[in-house]
Amino acid sequence: MEKKGVKIDPDFLDKKSKEFSLYLEKLEKDIIQLAGEGFNISSPLQLSKILFEKLALPTKGIKKTKNGYSTGQKELEKLKDYHPIIAKIEEFREYSKLKNTYIDALPKLADKNNRIHSTFNQDITSTGRLSSTNPNLQNIPIRSELGRQIRQGFISDNNNVIISADYSQFELRLAAALSNDTGLINSFKNNEDIHSKTASEMFNIPLDEVSKDQRRAAKVINFGVLYGMSAHRLASELGTNYYEAKHFIDNYFNSRKPIADFIQKTLLKAEQEGYVETFYGRQRPTPDIKSSNFIIRETAKRAAANMPIQGTEADLMKRAMIKIHKKITKTGLGDQILQIHDSILIESPKENAAKIAEILKYEMENIAPELPINLKVDINIGQNWLDI
DNA sequence: CGAGTCTGTTTG
DNA sequence: GTATCAAACAGACTCG
């Protein structure tokens, strides 16, 4: 992946850069106007003074940092109704982040063939995942519509296509497998909507009576509570009160006994053995589990509960990548160009795409027959990273 | 002036 | 009373 690199479209990114520049200038003008004086919008310290001293916006419920009131996204959201400058600042942050970190940075790193060669570190993370640096190609935007467009700047070479293979619900499937939660395992086997299923069990109602909000709550819980999300944060994410959130969490663990037991077992191991491990034996030491400091100790517990699942995912991905190298690269069909934790990207001549798709799906879905879970892989094919 | 920290934003 | 895990990076800022 490092040697092959991934091709970008510098003309596309240059065009985007100019668009963004124009709009940022306009935003900056508007913000200065609303503030009544010039200042560096990118400086949280200066911005904080403008918002909370000059404009005297309410500070009730605003988090403090070392240097004053916080201007983070969450805090700005609370101020939105008090002043039109807030929305502009949020927009300024979004556009400048995308321009500075991606649109302008990526073309500088390309070689003469317009390919970017990231470094994939194999000995950095505490769970066994890869990490990507210079540039980090594992955090290219996708969640916001504006940011997602940047993916159009990642393209295949002439006559080639990009093929993506993503594990569906990787984390939850691994949690089900490692805890041997037969109910959850069967739900996956039957291809059920897992968030709706969770909601129906949590709220003790039939599957077809699950409301949109109930499904949304179950989804947040499926991703967060597994690793120790507090009732407090769950309440703020769902917009409900603390007691209801606490009730949700209790219900969740009551209806997912095997997962609750698995977490307990993992924590006990961390305390007694001083480490936790993946299904295949990759270890992470857990010295902080015995810390006398509550915050450090509780943080260590959450990290310990998370590691076997995230780490087993990482083990499986690495095993899959080796298999794919053997079946796809060594046979001359195509090259791996990126790995993003639960997802692999291949570049190949377009006439090989169908064959590669078939190999990817089969090899990745059958990478761990020893685990009591069926893995599911989604394949997409396109000319650029936005279309897949 | 360079190294390191802080704040804030991006991803799985 | 404390509270989701795992990463990288830009720009501002501080320190020696």
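We name chains A, B, ... by the order of the sequence lines, and we start the count at 1 in each one.
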### Message
For the backbone of A:Ile124 and the side chain of A:Asn121, can you confirm whether one donor and one acceptor N or O come within less than 3.5 Å of each other?
### Response
no
### Message
Looking at A:Asn40, I'd like to know whether one of its side-chain N or O atoms comes within less than 4.0 Å of OP1 or OP2 on C:dA12.
### Response
yes
## Note on the structure
Checking A:Lys269, A:Lys265, A:Arg284, A:Arg282 against A:Glu277 for salt bridge (Lys or Arg N to Asp or Glu O under 4.0 Å), the one that qualifies is A:Lys269
### Whole-Å gap separating P (B:dT7) and NZ (A:Lys74)
15 Å
### Query
For C:dC13, does either OP1 or OP2 sit under 4.0 Å from a side-chain N or O belonging to A:Ser43?
yes
### Task
Give a yes/no answer on whether the side chain of A:Thr71 brings an N or O atom under 4.0 Å of OP1 or OP2 in B:dT7.
no
### Query
So what does A:Leu234 hit on the nucleic acid, given a heavy-atom distance under 4.0 Å: a base, only sugar-phosphate, or nothing?
nothing
#### Entry: Options C:dC5, B:dT10, C:dA7, nucleotide nearest the side-chain atoms of A:Thr125
C:dA7
### Query
Does a nitrogen or oxygen in the side chain of A:Ser126 sit under 4.0 Å from OP1 or OP2 of C:dA7?
yes
### Query
Looking across every strand, which nucleic acid part, if any, lies under 4.0 Å from A:Ile295 by heavy atom: base, sugar-phosphate, or nothing?
base
### Query
Would a hydrophobic clustering, with Ile, Leu, Val, Met, Phe, Trp and Tyr connected at side-chain separations under 4.5 Å, put A:Ile259 with A:Met307?
no
### Message
Tell me whether A:Arg151 forms a cation-pi arrangement with A:Tyr102, defined as NZ or CZ under 6.0 Å from the six-membered ring centre and within 45 degrees of its axis.
### Response
no
### Task
Using a 4.0 Å heavy-atom cut-off across all strands, classify A:Phe170 as base, sugar-phosphate, or nothing.
nothing
### Message
Distance check needed: B:dT10 C1' versus A:Tyr102 OH, whole Å only.
### Response
3 Å
### Message
With a 4.5 Å cut-off on side-chain heavy atoms, are A:Ile32 and A:Leu34 touching?
### Response
no
### Query
Within the structure shown, what part of the strands sits under 4.0 Å from A:Gln46 by heavy-atom distance: base, sugar-phosphate, or nothing?
sugar-phosphate
### Rounded distance in Å - CD (A:Glu28) to P (C:dG11)
14 Å
### Message
Taking the minimum atom-to-atom distance to the side chain of A:Asp342, which one of C:dA12, B:dG12, C:dA7 wins?
### Response
B:dG12
### Message
At 4.0 Å (heavy atoms only), tell me whether A:Thr299 reaches a base, stays on the sugar-phosphate, or touches nothing.
### Response
sugar-phosphate
### Query
Does the ring centre of A:His247 sit less than 6.0 Å away from the ring centre of A:Tyr242?
no
### Message
Using a 4.0 Å heavy-atom cut-off, does A:Gln73 contact any base of the nucleic acid, only the sugar-phosphate backbone, or nothing at all?
### Response
sugar-phosphate
### Query
Between A:Asn121 and A:Asn306, who's closer to the 5' end of DNA chain C by nearest nucleotide?
A:Asn306
### Query
Are side-chain heavy atoms of A:Leu316 and A:Phe170 found at a separation under 4.5 Å?
yes
### Task
Using the P atom on both, measure C:dG1 against B:dT9 and round to a whole Å.
30 Å
### Query
Given B:dG12, B:dG8, C:dC9, which nucleotide is nearest the side-chain atoms of A:Ser70?
B:dG8
#### Entry: A:Lys63 NZ to C:dT2 P, straight-line distance once rounded to whole Å
14 Å
### Query
Considering only heavy atoms and no angle criterion, is a donor-acceptor pair shorter than 3.5 Å present between the side chain of A:Arg93 and the base of B:dG8?
no
### Query
Out of C:dA3, C:dA7, B:dG8, which nucleotide sits closest to the side chain of A:Thr65?
B:dG8
### Nearest to side-chain heavy atoms of A:Asn136, which nucleotide of C:dC13, C:dC9, B:dG12
C:dC9
#### Entry: Integer-rounded Å distance: B:dT7 P and A:Leu45 CG
10 Å
### Message
Looking only at the side chain of A:Tyr227 (C-beta and beyond, no hydrogens), which of the listed nucleotides C:dA8, C:dC5, C:dA6 gets closest?
### Response
C:dC5
### Query
Between atom CG in A:Leu338 and atom P in B:dT11, what is the gap in whole Å?
15 Å
### Task
Give A:Glu237 one of three labels, base, sugar-phosphate or nothing, depending on what nucleic acid heavy atoms sit under 4.0 Å from its own.
base
### Query
Whole Å only: how far is the CD atom of A:Glu313 from the P atom of B:dT11?
18 Å
### Task
From the options A:Val161, A:Ile163, A:Ile162, select the one residue that forms a side-chain contact (heavy atoms from CB on, under 4.5 Å) with A:Ile388.
A:Ile162
### Message
I need the residues from residues 270-294 of chain A with at least one non-hydrogen atom less than 4.0 Å from DNA chain C; give them sorted by number, or say none.
### Response
A:Arg284, A:Phe294
### Message
Mind checking if A:Leu226 touches a base, just sugar-phosphate, or nothing, with heavy atoms under 4.0 Å?
### Response
nothing
### Message
C:dA8, OP1 or OP2 - any side-chain N/O from A:Ser131 closer than 4.0 Å?
### Response
yes
### Task
Under 4.0 Å between any heavy atoms, over every strand shown, what does A:Ser132 touch: base, sugar-phosphate, or nothing? Just pick one.
sugar-phosphate
### Rounded interatomic separation in angstrom, taking CG from A:Leu345 and C1' from B:dT11
14 Å
### Message
Tell me if a side-chain donor or acceptor on A:Ser291 pairs with a main-chain N or O of A:Ile296 at a distance below 3.5 Å.
### Response
no
### Task
Return the nearest nucleotide to the side chain of A:Lys97; candidates are C:dA6, B:dT11, B:dT9.
B:dT9
### Task
Would you please confirm or rule out a distance under 4.0 Å between OP1 or OP2 of C:dG11 and any side-chain N or O of A:Asn100?
yes
### Query
Which listed nucleotide (C:dC9, C:dA12, B:dT11) is nearest to the side chain of A:Ser42?
C:dA12
### Query
Has A:Arg302 got a side-chain N or O lying under 4.0 Å from the OP1 or OP2 atom of C:dC5?
yes
### Message
Whether A:Lys376 engages the ring of A:Phe188 as a cation-pi pair (distance to the six-membered ring centre under 6.0 angstrom, angle to the ring normal within 45°) should be assessed.
### Response
no
### Query
Under 4.0 angstrom, heavy atoms only, what part of the nucleic acid is A:Ile309 near: base, sugar-phosphate, or nothing?
nothing
